[in-house]
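Below, chains carry the letters A, B, ... as their sequence lines are ordered, and counting in each starts from 1.
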2 protein chains.
Amino acid sequence: MLRAAVALFIRKGYDATSIDDIAKSLNVTKSAVYHHVSSKEQLLAEVLDEALDELDSAVDAATRGTGPASERLRDVVRRSVEVLVAHQSAVTLLLRVHGNSDTEVAALRRRRRIDRALASLVNEAVEEGALRADLDPDVLSRLLFGMVNSLVEWYRPNGEISADQLASTVAALAFDGLVRA
Amino acid sequence: MLRAAVALFIRKGYDATSIDDIAKSLNVTKSAVYHHVSSKEQLLAEVLDEALDELDSAVDAATRGTGPASERLRDVVRRSVEVLVAHQSAVTLLLRVHGNSDTEVAALRRRRRIDRALASLVNEAVEEGALRADLDPDVLSRLLFGMVNSLVEWYRPNGEISADQLASTVAALAFDGLVRA
DNA sequence: GTCTATAAAGCGATAGAC
DNA sequence: GTCTATCGCTTTATAGAC
């Protein structure tokens, strides 16, 4: 039920998906769908909460860690990739939210909190001296997690590359760059 | 007119924006809008073509260049950032297209052509020996341009950082990485 | 738990007056 | 070039039978 809805939300977009679309994909009528969920918006809220809970826990672990910020940043990059792979549908929808309803506005607020925590971590790592200081840390943070988040648009788990390999590739590219060492 | 529509498409999403929304933002009625445009879909098509034309020309320049692939890749990364900044609205909408209409399907086809050309360039640069060969070139290409594309979600041209600075930051991060040299 | 039927509102788009 | 009015359709959501 939720899985069918999420699949359509991703393929067509939340706004372009009607309850009737969801019903048809399950070979039932609209009324049958409304027996299980109270509204289309609530369906979205459940998925967004799944994504936000997972990302929160990844970020909280990094924030509360004791080691050097650069190591905690490396860990949260890897953890984020794992979360995006394990909860790809939910995170994909979260990243597409516009703020068109109370549910979406609340999700955006929680997301901004996460983004701010990640930016703080990058700033800390730069101040530590572990990361380059010649570039704006806030811009670096946005680019870094923009790269991480972009993988929801193309990664397919059934392929040849595992979540673990992907996390290593992302971390290697982000920290060491494209150029041959 | 087009500008008002695009602003709303970006703020609320194309599907969640009605012709009446556009009309109200211009303080006219729906009919006045339809006097200037033939359909909501045509409005979207014009914007997507703007973005695709610009990206095409950036990629074509890199593809037809004569220097080393790694230099042409550096150039196309910089040029891409400049295009995303100069045509941010159009590119933002392009990156959000789902394929819900003929217009959107056609745009996705053109976009895939561009992505393939960029992936070829990354492959070439790896074969040349200029870029690291320990990571999958196709994955590198996706992550690199995922990072580039992600800037449409946060960059604001009125701020303190110029398009040129941003292009330098993106290139520096992508090629040399986060770690202090 | 699923159905038919329907309400109430919004949608894209058009006709025709001014 | 903008308006009022309207068509035809789809939307979210509910009522009530089985």
Between atom [atom1] in [X] and atom [atom2] in [N], what is the gap in whole Å?
X: B/Ile22; N: C/dG12; atom1: CD1; atom2: C1'; answer: 11 Å
X: B/Asn100; N: C/dC11; atom1: CG; atom2: P; answer: 17 Å
X: B/Lys12; N: C/dG10; atom1: NZ; atom2: C1'; answer: 12 Å
X: B/Asp20; N: C/dA9; atom1: CG; atom2: P; answer: 16 Å

Does any pair with a residue in residues 129-149 of chain B pass salt bridge (charged side-chain N to carboxylate O under 4.0 Å, His left out), and if so which ones, sequence neighbours excluded?
-> B/Arg132-B/Asp134
What salt bridge (charged side-chain N to carboxylate O under 4.0 Å, His left out) pairs are there with at least one residue in residues 35-52 of chain A, not counting sequence neighbours?
-> A/Asp49-A/Arg110
For B/Leu43 and B/Ile22, what are the C-alpha separation, side-chain angles and deciding distance, and is it a side chain to side chain contact (heavy atoms under 4.5 Å, CB included)?
-> CA-CA 11 Å; B/Leu43 220 39; B/Ile22 299 168; 4.1 Å; yes
Suppose we screen for salt bridge (charged side-chain N to carboxylate O under 4.0 Å, His left out). Which residues come up paired with [X], at least two apart in sequence or across chains?
X: B/Asp164; result: B/Arg78
X: B/Arg116; result: none
X: B/Glu153; result: B/Arg96

Solution key, residues 29-36 of chain B side-chain donor-acceptor pairs under 3.5 Å, sequence neighbours excluded:
none

Applying ring-ring contact (aromatic ring centres under 6.0 Å, His included), which residue pairs with at least one partner in residues 112-134 of chain A are found, sequence neighbours left out?
-> none
Residues in residues 27-47 of chain B with a heavy atom under 4.0 Å of DNA chain C, by number, are B/Lys30, B/Ser31, B/Tyr34, B/Ser39, B/Lys40
Earliest and latest nucleotide of DNA chain D, 5' to 3', sitting under 4.0 Å from a non-hydrogen atom of chain B?
->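 With heavy atoms of chain B under 4.0 Å away, the range is D/dG1 to D/dA5.
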